[in-house]
Amino acid sequence: MNDSLYKYTLRLADNGLILSHRLAEYISCAPFLEEDLALTNTGLDLLGQSEALLKYAAEIKGGVDEDWLAFARNEEDYFNFHMVEYPNEDYGYVIARQFLIDVFNYYNYTQLVDSKDERIAAVAKKAIKEVTYHLRRSSEWIIRLGDGTEESKTRIQQCLEDLWMYTDEFFEVDEVQEELHKQGIASDLNVIRKQWNQKVAEVLEEATLTKPEKPKYSLVYGKDGGHTEYMGFLLADMQYLKNRYPEATW
Amino acid sequence: MNDSLYKYTLRLADNGLILSHRLAEYISCAPFLEEDLALTNTGLDLLGQSEALLKYAAEIKGGVDEDWLAFARNEEDYFNFHMVEYPNEDYGYVIARQFLIDVFNYYNYTQLVDSKDERIAAVAKKAIKEVTYHLRRSSEWIIRLGDGTEESKTRIQQCLEDLWMYTDEFFEVDEVQEELHKQGIASDLNVIRKQWNQKVAEVLEEATLTKPEKPKYSLVYGKDGGHTEYMGFLLADMQYLKNRYPEATW
Amino acid sequence: MAYDLSQEDPKKLAEFQAKIDAEIKIEPKDWMPEGYRQNLIRQISQHAHSEVIGMQPEGNWVSRAPSLRSKKILMAKIQDEGGHGLYLYCAAETLGVSRDQYLQWLHEGKAKYASVFNYPSPTWADMGAIGWLVDGAAIVNQVSLQRTSYGPYSRAMVRICMEESFHQRQGYEIMDRMMNGNEAQRKMAQDSLDRWWWPSLMMFGPHDSDSAHSSQSMKWKIKRESNDDLRQQFIDKTVPQAELIGLKIPDPNLKFNEETGHYETSDIDWDEFWNVIKGNGPCNKKRLDHHKKAHNDGAWVREAAAAYGLKQKNKLQTA
Amino acid sequence: MAYDLSQEDPKKLAEFQAKIDAEIKIEPKDWMPEGYRQNLIRQISQHAHSEVIGMQPEGNWVSRAPSLRSKKILMAKIQDEGGHGLYLYCAAETLGVSRDQYLQWLHEGKAKYASVFNYPSPTWADMGAIGWLVDGAAIVNQVSLQRTSYGPYSRAMVRICMEESFHQRQGYEIMDRMMNGNEAQRKMAQDSLDRWWWPSLMMFGPHDSDSAHSSQSMKWKIKRESNDDLRQQFIDKTVPQAELIGLKIPDPNLKFNEETGHYETSDIDWDEFWNVIKGNGPCNKKRLDHHKKAHNDGAWVREAAAAYGLKQKNKLQTA
């Protein structure tokens, strides 16, 4: 098995899988109906991207299917960013989390459209349209909340401050990333870091918000299977039926 | 197997099992350290009572042990009150839930001390000391909050209003209860209802709180395996390791 | 609350009734008796609230959906229901009442939603039962409402019916798969049918004889078929579907009447029916509290959007 | 921050040092140099905060404890730690600072807690590793502190040590059972040791050479043994325990030195050590936010208890 390609594909897949799970949990909780539908839509897009990538990872690994990967792995075998594990404390966290990820997804898929790996490139080609829309939507909301009322400015600023420490992981380059980048399969995270910083700065400026500084915060990131304490409880729900009836199909 | 005795024993056991679980979840969240320890103590008492009753139920059923009963049953095979499933929304709900249950436990165990079933009587003899203390403690808190500040009065009144609908189930008499009561094994819920109403009225009066009226609210109660939607998520956590590693011992 | 028609201008009333009898749709701008407007305000807003509150019992399982496919289908289904809610709120607003006002009435307990959603969804099989039975009953109702006399409501029904039948098939498919699964899945599916069968029959409302609104709204063709007829259609369609996949309808008196060609069932437990309608079902409080909490927690977001919108408008005007 | 002893009255300082050298306990009422008081204020409050914050990583698994027995043991253990926190807050208050003030310093980031609790507890095996290693390291430290010169702190240590050893045995038992369990349990136990080994060595603090407080507090016998000695004691005790149940210490350079009779290890990753101390560990923010939230959410309860207490007192006086 190509371990690096397997892990890299799961890193992309698990971000979509876990973030779409958080968005699914938020169904019927949004500030108004139209936004509830829009967030569910984003969740469906991410789940679709994730399913395609999980299918590919299952083929690379062999002997398992995408449902096994989605619902049966041990916690340390999931490779999503810590950011997507953060709970839906309130709408400010949901949209700030979304925005910080959307900016990354946009630049990451923009590069992956040209990935030497056709399967990843194919997913990127479909995803780029979706994440472009996601980015426009969440940027608009950051601007509305930043430049809306005193209360919304204070709250969204605090959400960005609280989530900022999770952004460092987006750009961590390790041997897996490097190896696959050299082969033209993976994206160049250093380029993306600059683009990301620039885009975020633009939006925050228009939103009249200040850009938090970025403490390096964790020793083991989700990309290497070291998760936050939120993950275990998320998996307890997500894996419940698979754990309880391992052989059943639904 | 004596179905009625099995079900009646589980009704007593599961109230302790699920309420102690909610108290365990509240560890490190109480308003101050002494109260955190006191609530954990209550949880330990209830878990101890539950374990003894689960052991007995396992013997009645045969072929299983108390851990299987605690961690492996289907949701509809748990027979606890809906009241104990209510989440720890804040301290007001935790202590109001505790008070309404403590009053019931006190009068219920007072009768069960004389149960014709020695195992149940033995549990009651041990439990009566514990639940007497629980009742004194939670009554004092209802009085402190009722007659404390304007804010605490309003909040604890609302908690009692919200939880009141769950009290009806305490006194529901069905064939199981009737059959075992006739055999001198189970308690007389009609007597307990009067004692409960009287004690609750006393405490609420001293707390300068008003007694909510009591809508009959559910069609299928926990006592018959029909649970609130909180139960599934509670079991997803509680059963996680048992579901994932069914054969493992810990 | 029947409106006193005698107050209405008899000439206009006659013209209005003529249009109804001639199957001409009544549009928002047209004249209508106050009773007609109030009847629709109550019915369309209740329908809209039902679609939105109906997102909760299914949202209860979306985080525990057992496969990627079933998770996608359930998320898309709940999203559709929210979309139906939007169509219906728009239709309801054409009667001169704002969505905020409708939501306020809901929160004050002055407006209702379909009381079938006051039952809990404790197992995954309920995602099957809700799709197959609850959406199934809703479809029978909504197909009939496609011919309702009020234009916006009728058009909303046409759009909703297209998506709704899709949901029913998905629900039935979950039950079918479970009945072909292991012992635990079959038991879970049958248990779910046992819990949802009677509540879905109750969705059609009381017998016509004791339905407060029925006769007047039949006269105004808001309602095109009686509660009992619609219920019978649903029963006749659904019983064979259950038997096809090995599910047993929880009614010992259920039998097929050769002459009438209809299934006969025991009567509904009307005590339970009125008890849940009055607010004493298992989840009445939870559903409404959840909706209120989401609405109240979101106030700061709505206010910000409004404030931002105003700033942009002012900028445009002064630019 | 070393206090300028030259400001102190030399005669009193000499008497004070003589008592220390003669192993006579210093009591709250006794004279003490300001540096001694401040040193203890920092150390005892940090110790108290650590016991309370330490409830969180274990509280993380109490709702997923896999057996009735392990759930009871874990609940009782966390309760003990809370009780230790109480002893220590009382000892710390004898230095003239209230618990509220200590909590405020914690919330403002002016006071610390043991940074080992800034590591996450992602698996049940961590309940074993935390009991066996983290409590194990704490015991080595606290046994030594039983002979600390400040009376209240020493007495608190004696009580805590009795309960703490019990916790270590429970933690080791969890690891032992898992190493005798299935493949997944063995892997989970080894993975947990791999994550907690170095953080537990870090609990003893920096090498004495670069420990800001060490020398002065040794002179005042607040601290009776050096960081490195205590660490060595812990290593020598713990390595054989690991090997006994088939666990492998995650240190390729670990070897037993026959002459010295001590195990030698690789050096600690001091970058990680200072990084986590500075606040950049995985759970620094989560632990503190959790503690602040519980404290702030409980304000209304504390205020009510105080208000009620006042009313009762007034009633007594006027009665």
Side-chain angles (χ1 to χ4, degrees), chain A residues 14 17-18 20-30 36 43 63-65 67-80 85-91 93-94 162 222 225-250, chain B residues 14 17-18 20-30 36 43 64-65 67-80 84-91 93-94 162 222 225-250:
Chain A
D14 290 345
L17 180 67
I18 303 302
S20 65
H21 184 87
R22 284 297 191 221
L23 291 168
E25 285 175 328
Y26 196 62
I27 289 178
S28 78
C29 303
D36 215 292
V64 295
D65 65 9
D67 268 338
W68 188 90
L69 284 178
F71 296 99
R73 278 179 280 168
N74 281 331
E75 178 171 316
E76 69 271 19
D77 299 326
Y78 287 88
F79 303 118
N80 51 282
E85 298 168 24
Y86 200 83
N88 303 328
E89 268 166 35
D90 72 21
Y91 180 77
Y93 288 96
V94 170
D162 290 349
H227 294 281
T228 70
E229 287 175 347
Y230 302 124
M231 189 70 167
F233 289 99
L234 184 152
L235 293 180
D237 289 349
M238 198 167 84
Q239 301 184 330
Y240 182 69
L241 285 172
K242 179 72 174 172
N243 283 338
R244 195 158 176 80
Y245 308 104
E247 298 325 314
T249 54
W250 303 86
Chain B
D14 291 345
L17 180 68
I18 303 302
S20 65
H21 184 87
R22 284 298 191 218
L23 291 168
E25 284 175 328
Y26 195 63
I27 289 177
S28 79
C29 302
D36 215 291
V64 295
D65 64 10
D67 268 336
W68 188 89
L69 284 178
F71 296 99
R73 279 178 279 167
N74 281 332
E75 178 171 320
E76 69 271 18
D77 299 325
Y78 286 88
F79 303 118
N80 51 282
V84 298
E85 299 169 24
Y86 200 84
N88 304 326
E89 266 168 38
D90 71 23
Y91 181 77
Y93 288 96
V94 170
D162 290 349
H227 294 282
T228 71
E229 287 175 348
Y230 302 122
M231 188 70 167
F233 290 99
L234 184 151
L235 293 180
D237 289 349
M238 198 167 85
Q239 300 184 329
Y240 181 69
L241 286 171
K242 180 72 176 171
N243 282 339
R244 195 157 176 82
Y245 308 104
E247 297 325 313
T249 53
W250 303 84

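Every heavy atom of this structure was used, including side-chain atoms; hydrogens, water molecules and symmetry mates were not. Chain naming here is simple, since letters A, B, ... match the order of the sequence lines and numbering starts at 1 in each.
Taking B/Glu89 as the reference, B/Tyr86, B/Pro87, B/Tyr93 meet the side-chain contact (heavy atoms from CB on, under 4.5 Å) condition, with sequence neighbours excluded. Looking at residues two or more places apart in sequence or on another chain, you find a side-chain hydrogen bond (donor to acceptor under 3.5 Å, both in side chains) between B/Glu229 and C/Ser121, C/Lys286, C/Arg287. B/Asn88 is linked by a side-chain hydrogen bond (donor to acceptor under 3.5 Å, both in side chains) to B/Arg97, counting only residues two or more places apart in sequence or in another chain.
At a heavy-atom cut-off of under 4.5 Å, chain A is reached by B/Ala236, B/Asp237, B/Gln239, B/Tyr240, B/Asn243, B/Arg244, B/Tyr245 from residues 236-248 of chain B, listed in order of number.
Side-chain contact between A/Leu69 and A/Val64 is present, with at least one heavy-atom pair separated by less than 4.5 Å.
A donor-acceptor pair is defined here as one N or O able to donate and one able to accept, closer than 3.5 Å; such a pair exists between the side chain of B/His227 and the backbone of B/Tyr78. Formation of a donor-acceptor pair under 3.5 Å by the B/Asp36 side chain with backbone atoms of B/Ser28 is found in this model.
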